[in-house]
There are 2 protein chains.
Amino acid sequence: MTNTNDSWTALGDTMRRAIFELLVEDPRSVTELARALPVTRSAVSQHLKVLKGAGLVVDTPAGKHRIYRVDPNGLAPLRADLDRYWMKALAAYKAAVEQPQEE
Amino acid sequence: MTNTNDSWTALGDTMRRAIFELLVEDPRSVTELARALPVTRSAVSQHLKVLKGAGLVVDTPAGKHRIYRVDPNGLAPLRADLDRYWMKALAAYKAAVEQPQEE
DNA sequence: CGTTCGTGTTAGTCATGGCTAACGCGTTAG
DNA sequence: CTAACGCGTTAGCCATGACTAACACGAACG
């Protein structure tokens with residue numbers, strides 16, 4: 001839970017990233033999301049379950065509706081991974097440029 | 001190509017992320033990667049093709065071997081997306097906290 | 001040369017998971 | 001209380017893609 005692995009695979013799917021992008025712009029309900037996307041409400045609901053499991057979104061019951069919004073905390077592990085990749089890659093690239101005949 | 005979409009889906013796969021993590025630590029050849037992973041050399045080669053297509057890794061012929069290393073440029077679009085998510089999510093969260101009865 | 005090593009590619013199988021349709025539950029309004 | 005709405009869940013189908021095995025090619029080395 002809240003595993004880094006889940007976050008990557010969650011946003012690895014195109015449809016889920018589309019849903020996430022919509023939620024980043026504005027919090028919405030399930031039906032609103034389904035109306036903006038070429039899939040049924042059921043599919044959206046299942047995707048939201050995955051995103052919620054990864055800690056990327058949170059849901060708030062609001063009357064009849066249920067509003068989904070992005071959770072900044074869920075993005076933190078992704079940023080951590082990406083920063084680590086970034087630094088290591090940059091360091092390796094720099095080292096390779098400075099010493100081409102190394103290794 | 002070098003599409004943002006490709007980058008996310010490329011790293012969305014567990015095995016590909018494992019390969020990428022290994023390459024982040026140290027540049028390696030295909031056989032070395034295959035030896036460190038529970039899949040065949042062929043599978044690794046196909047995954048590397050995807051990662052290369054996404055601009056996340058580059059290959060350098062080195063004698064008999066072919067060394068794969070991560071490409072910092074490929075990570076840039078991912079960082080851009082993630083930063084955008086981050087800022088928007090944080091702004092929305094802040095706004096929600098400051099004005100709970102909004103919307 | 002021919003052989004061996006390292007790799008890419010293809011065909012083909014199989015599993016993962018994304019999708020729809022149908023149902024069940026809770027909540028709200030009349 | 002009854003009806004309608006919004007949503008989650010399940011079963012089942014189907015497409016995507018991940019994997020292995022086999023083959024083909026080029027480079028290095030004797």
Side-chain angles (χ1 to χ4, degrees), chain A residues 1 3-23 26-71 101 103, chain B residues 1 3-23 26-71 101 103:
Chain A
M1 49 293 285
N3 196 357
T4 299
N5 198 326
D6 294 339
S7 305
W8 282 104
T9 51
L11 285 186
D13 182 69
T14 305
M15 187 60 65
R16 270 196 295 270
R17 208 164 49 257
I19 293 175
F20 190 79
E21 295 251 6
L22 286 174
L23 290 182
D26 272 312
R28 289 181 235 262
S29 70
V30 181
T31 28
E32 282 177 308
L33 286 170
R35 202 177 313 148
L37 295 168
V39 291
T40 61
R41 182 185 55 76
S42 178
V44 174
S45 188
Q46 293 175 60
H47 282 308
L48 285 172
K49 187 178 179 182
V50 176
L51 289 172
K52 188 178 172 184
L56 289 167
V57 302
V58 290
D59 55 335
T60 310
K64 266 190 186 180
H65 302 270
R66 175 173 290 265
I67 303 300
Y68 283 85
R69 64 189 74 239
V70 295
D71 185 1
Q101 32 264 18
E103 341 180 11
Chain B
M1 49 290 288
N3 196 359
T4 299
N5 198 325
D6 294 339
S7 305
W8 282 103
T9 51
L11 285 186
D13 182 70
T14 305
M15 188 59 66
R16 269 195 296 269
R17 207 165 49 258
I19 293 175
F20 189 80
E21 295 252 5
L22 286 174
L23 291 182
D26 272 312
R28 287 180 236 262
S29 70
V30 182
T31 28
E32 282 177 307
L33 286 170
R35 202 178 315 149
L37 294 168
V39 290
T40 61
R41 183 185 53 77
S42 179
V44 175
S45 188
Q46 294 175 59
H47 282 308
L48 285 172
K49 188 178 179 182
V50 176
L51 290 172
K52 188 179 173 184
L56 288 167
V57 302
V58 289
D59 55 336
T60 309
K64 267 191 188 179
H65 302 269
R66 175 174 291 266
I67 303 301
Y68 284 85
R69 65 189 74 238
V70 295
D71 184 1
Q101 31 264 18
E103 342 180 15

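In what follows, chains are A, B, ... by sequence order, proteins preceding strands, each numbered from 1.
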Residue-phosphate contact under 4.0 Å: B/Tyr68 side-chain N/O, C/dG8 OP1/OP2: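 Answer yes for this pair, as a side-chain N or O of B/Tyr68 is under 4.0 Å from OP1 or OP2.
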
Within the structure, does a side-chain N or O atom of A/His65 lie under 4.0 Å from either OP1 or OP2 of C/dT27?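 Negative; the distance criterion is not met.
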
How long is the span from the CG atom in A/Leu22 to the CD atom in A/Glu32, to the nearest 0.5 Å?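 If we round to the nearest 0.5 Å, A/Leu22:CG and A/Glu32:CD are 10.5 Å apart.
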
So, taking the atom named CG in B/Asp13 and the one named CG in B/Leu51, what distance separates them when rounded to the nearest 0.5 Å?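 Between B/Asp13 CG and B/Leu51 CG, I get 9.0 Å after rounding to 0.5 Å.
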
Separation of atom [atom1] in [X] from atom [atom2] in [N], rounded to whole Å:
X: A/Leu48; N: C/dG18; atom1: CG; atom2: P; value: 13 Å
X: A/Asp13; N: D/dT16; atom1: CG; atom2: C1'; value: 11 Å
X: B/Asp59; N: C/dT7; atom1: CG; atom2: P; value: 11 Å
X: A/Arg41; N: D/dC5; atom1: CZ; atom2: C1'; value: 10 Å
X: A/Arg66; N: C/dG26; atom1: CZ; atom2: C1'; value: 10 Å
X: A/Gln46; N: D/dT9; atom1: CD; atom2: P; value: 9 Å
X: B/Arg17; N: D/dA18; atom1: CZ; atom2: P; value: 12 Å
X: A/Lys49; N: C/dC19; atom1: NZ; atom2: C1'; value: 15 Å

Is there a donor-acceptor pair under 3.5 Å between the side chain of [X] and the backbone N or O of [Y]?
X: B/Arg28; Y: B/Leu33; result: no
X: A/Arg17; Y: A/Leu11; result: yes
X: B/Arg41; Y: B/Thr31; result: no

Ignoring hydrogens and geometry beyond distance, is the side chain of [X] in donor-acceptor contact with the base of [N] at under 3.5 Å?
X: B/Ser42; N: C/dT9; result: yes
X: B/Thr40; N: D/dA21; result: no
X: A/Arg16; N: C/dG18; result: no

Considering heavy-atom distances to DNA chain D, does A/Lys64 or B/Pro38 have its closest nucleotide positioned more toward the 5' end?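 Final value for this comparison: A/Lys64.
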
Closest approach to the side chain of B/Thr31, judged atom by atom: which nucleotide of C/dG6, D/dC19, D/dG6 is it?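 When the side chain of B/Thr31 is considered, C/dG6 is the closest of C/dG6, D/dC19, D/dG6.
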
When we call it a touch if two heavy atoms are under 4.0 Å apart, what does B/Ser45 touch: a base, just sugar-phosphate, or nothing?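 If one applies the 4.0 Å heavy-atom cut-off, B/Ser45 turns out to touch a base.
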
